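Below is one structure, written out as structure tokens, with a few remarks after it.
Worth knowing before you read on, the calculation uses all heavy atoms, side chains too, and leaves out hydrogens, waters and symmetry mates. What you are looking at is a predicted structure, and each value in this text was computed from that prediction instead of being measured.
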There are 2 protein chains.
Amino acid sequence: MEKVDVFDLIERMTALMRAEERRKCTELGLQPVHLQILDYLSRCNRYSDTPAALANFLGMTRGTVSQTLLLLVKKGFIKKSSDAIDRRIVHLALLQAGEAILKNARSSELFNQASLILRENNFLNQEEVFVKALLALQKANKSQSFGLCKTCRYFTRSSEGLMCGLTHEPLSQSDSEKICQEHSVA
Amino acid sequence: MEKVDVFDLIERMTALMRAEERRKCTELGLQPVHLQILDYLSRCNRYSDTPAALANFLGMTRGTVSQTLLLLVKKGFIKKSSDAIDRRIVHLALLQAGEAILKNARSSELFNQASLILRENNFLNQEEVFVKALLALQKANKSQSFGLCKTCRYFTRSSEGLMCGLTHEPLSQSDSEKICQEHSVA
DNA sequence: TAATTATGTATCGAATCGATATTTGTTAAT
DNA sequence: ATTAACAAATATCGATTCGATACATAATTA
């Protein structure tokens with residue numbers, strides 16, 4: 001078994017997701033944080049739908065969150081209402097427009113496709129599950145997969161060593177373990 | 001087997017990691033993108049260390065990336081050098097200061113600890129591996145875990161239904177499947 | 001009343017996009 | 001060969017928006 005750090009793989013998936021998210025946000029004219037907030041509000045319970053909780057969740061300052069919330073209110077994505085008992089507390093809730101945006105942004109197909117791909121398999125050890133999940137994400141991501149060189153379809157091993165089938169250049173062991181922009185999943 | 005979407009779990013892990021990253025960046029006086037760039041440069045091969053590849057990887061415009069790179073150069077984290085053959089192309093490389101920052105930022109203990117926790121276990125099905133990985137992350141994250149209500153140590157099932165052991169309030173099925181800021185891992 | 005908690009506000013530097021410009025490379029035609 | 005035309009990689013500029021800091025306000029608690 002090769003030594004693979006599971007959380008290293010998760011980091012790689014995260015990077016793919018971040019890029020996807022940024023692209024989607026640019027389309028919609030939003031910031032990644034905005035989607036993250038809408039997503040959080042759609043998933044959190046009644047003890048956790050406050051600005052302070054959001055700030056903790058996002059790792060941002062309260063002031064910043066406060067401003068971002070103003071924007072989202074102005075855009076009609078969320079609404080505020082003050083707590084009946086403790087009137088310092090503000091409860092946040094998604095409005096229809098917010099849910100619509102979120103739904104639009106979520107169904108990027110990326111995950112749906114990746115899920116399908118992943119479901120087709122059955123594996124034994126932990127690492128492999130994550131490896132396959134990452135591959136599934138890369139495969140579902142039409143644009144570019146940015147995978148490890150040695151997992152690329154053009155990567156070849158011969159008696160003379162490692163080689164890139166695109167550039168026909170020899171590769172070192174270290175080369176083959178790095179991220180390549182030309183990476184292509186079989 | 002409960003129906004769990006693996007990529008849903010990955011999204012949740014991503015959220016935890018993002019928050020961690022943001023906090024770390026605020027400490028270091030950097031933006032998340034800066035760390036992402038340094039990280040990418042530490043992992044990419046010689047075909048992929050260009051501004052354009054970075055822009056694709058990050059899902060940002062070339063203009064933005066260009067400016068961010070200027071900043072990182074000014075701070076002494078990276079250097080540029082033009083390609084010997086095609087002089088339109090710029091190659092980016094980490095400098096010592098950049099590697100130092102990266103190393104500092106990476107060793108947040110979060111992953112190391114989570115890895116340890118995860119390694120203690122052995123599981124059978126796919127979903128469970130991801131569930132455990134998420135739990136490991138939440139456990140390693142000292143601040144707040146933001147987990148699902150029903151995975152919280154204070155969550156209880158009795159003959160009268162579901163209940164939160166902190167607030168002593170009854171919970172609906174839907175409540176128990178939402179994120180809670182008070183979530184605490186056993 | 002003092003201390004604490006939850007949130008809002010004002011300011012200012014910094015990051016972002018989008019468009020345009022610059023440099024280098026490639027192609028095709030003369 | 002030479003030149004022109006197009007394409008590719010990156011840089012620059014201006015308008016806009018974001019986000020952190022520091023301070024202010026209001027409600028709650030001890």
Side-chain angles (χ1 to χ4, degrees), chain A residues 18-19 21-37 46-75 77-93 144 181-182, chain B residues 18-19 21-38 44 46-75 77-93 144 181-182:
Chain A
R18 259 194 297 241
E21 188 178 49
R22 252 197 280 257
R23 274 186 283 267
K24 227 160 10 189
C25 283
T26 310
E27 270 177 37
L28 297 169
L30 295 171
Q31 294 291 319
V33 211
H34 299 156
L35 278 189
Q36 287 159 33
I37 290 177
R46 59 192 132 109
Y47 306 130
S48 316
D49 58 357
T50 70
L54 245 180
N56 275 327
F57 181 74
L58 297 172
M60 295 170 69
T61 64
R62 288 143 209 265
T64 305
V65 168
S66 182
Q67 280 181 292
T68 309
L69 290 176
L70 275 185
L71 183 86
L72 291 176
V73 167
K74 201 163 63 188
K75 289 206 178 192
F77 293 156
I78 65 173
K79 74 169 173 24
K80 298 182 183 178
S81 53
S82 57
D83 189 279
I85 296 164
D86 185 338
R87 281 191 301 178
R88 292 171 308 179
I89 296 180
V90 169
H91 291 283
L92 305 165
Q144 275 173 285
Q181 64 167 329
E182 308 293 350
Chain B
R18 259 195 298 241
E21 188 178 49
R22 250 195 283 256
R23 274 187 283 267
K24 225 160 13 189
C25 282
T26 309
E27 268 178 38
L28 298 169
L30 295 172
Q31 294 292 319
V33 212
H34 299 156
L35 277 189
Q36 286 159 34
I37 290 177
L38 297 182
C44 74
R46 60 190 130 112
Y47 306 131
S48 316
D49 58 356
T50 69
L54 244 179
N56 276 327
F57 181 73
L58 298 171
M60 295 170 65
T61 63
R62 284 138 205 265
T64 306
V65 168
S66 183
Q67 297 213 143
T68 308
L69 290 176
L70 273 185
L71 184 86
L72 291 176
V73 168
K74 203 162 61 189
K75 290 205 175 191
F77 293 156
I78 65 173
K79 75 171 171 28
K80 298 181 184 179
S81 52
S82 57
D83 190 279
I85 297 165
D86 185 339
R87 282 193 300 179
R88 292 172 306 182
I89 297 180
V90 168
H91 291 284
L92 306 165
Q144 275 174 286
Q181 65 167 327
E182 308 293 352

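Judged by distance alone, the side chain of T26(B) and the main-chain N or O of R22(B) form a donor-acceptor pair under 3.5 Å.
The pair E21(B)-R18(A) meets the salt-bridge criterion, with a side-chain N (NZ, NE, NH1 or NH2) lying under 4.0 Å from an Asp/Glu carboxylate O.
Atom CZ of R87(A) is separated from atom C1' of dG8(C) by 17 Å (rounded to the nearest Å). Distance, D83(B) CG to dG25(C) P: 9 Å, rounded to whole Å.
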Checklist entry - Could you run down nucleotides 8-22 of chain D 5' to 3' and tag each one B, S or - for protein heavy-atom contact under 4.0 Å? => result BSBBBBB---SBBB-

I'd like a list of close polar pairs between nucleotides 3-6 of chain D and the protein, N/O only, cut-off under 3.5 Å.
none

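I85(A) comes within 4.0 angstrom of the backbone, heavy atoms only, and of no base.
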Next on the checklist: For a side-chain contact (heavy atoms from CB on, under 4.5 Å) check, start with the C-alpha distance between L92(B) and L72(B), then their side-chain angles and the critical distance, and finish with the verdict.
Outcome noted: CA-CA 11 Å; L92(B) 306 165; L72(B) 291 176; over 6 Å; no

Checklist entry - Does the pair V73(A) and L70(A) meet the rule for a side-chain contact (heavy atoms from CB on, under 4.5 Å), with working shown? => result CA-CA 5 Å; V73(A) 167; L70(A) 275 185; 5.5 Å; no

Next on the checklist: Quick one, L35(A) with C25(A), criterion side-chain contact (heavy atoms from CB on, under 4.5 Å). Give me CA distance, side-chain angles, the key distance, then yes/no.
Outcome noted: CA-CA 8 Å; L35(A) 278 189; C25(A) 283; 3.5 Å; yes

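Residues S48(A) and Q181(B) come closest through the heavy atom pair OG-N, 2.7 Å.
Side-chain contact between S66(B) and R62(B) is absent, with no heavy atoms from C-beta onward closer than 4.5 Å.
Rounding to the nearest 0.5 Å gives a distance of 10.5 Å between CG of L38(B) and NZ of K75(B).
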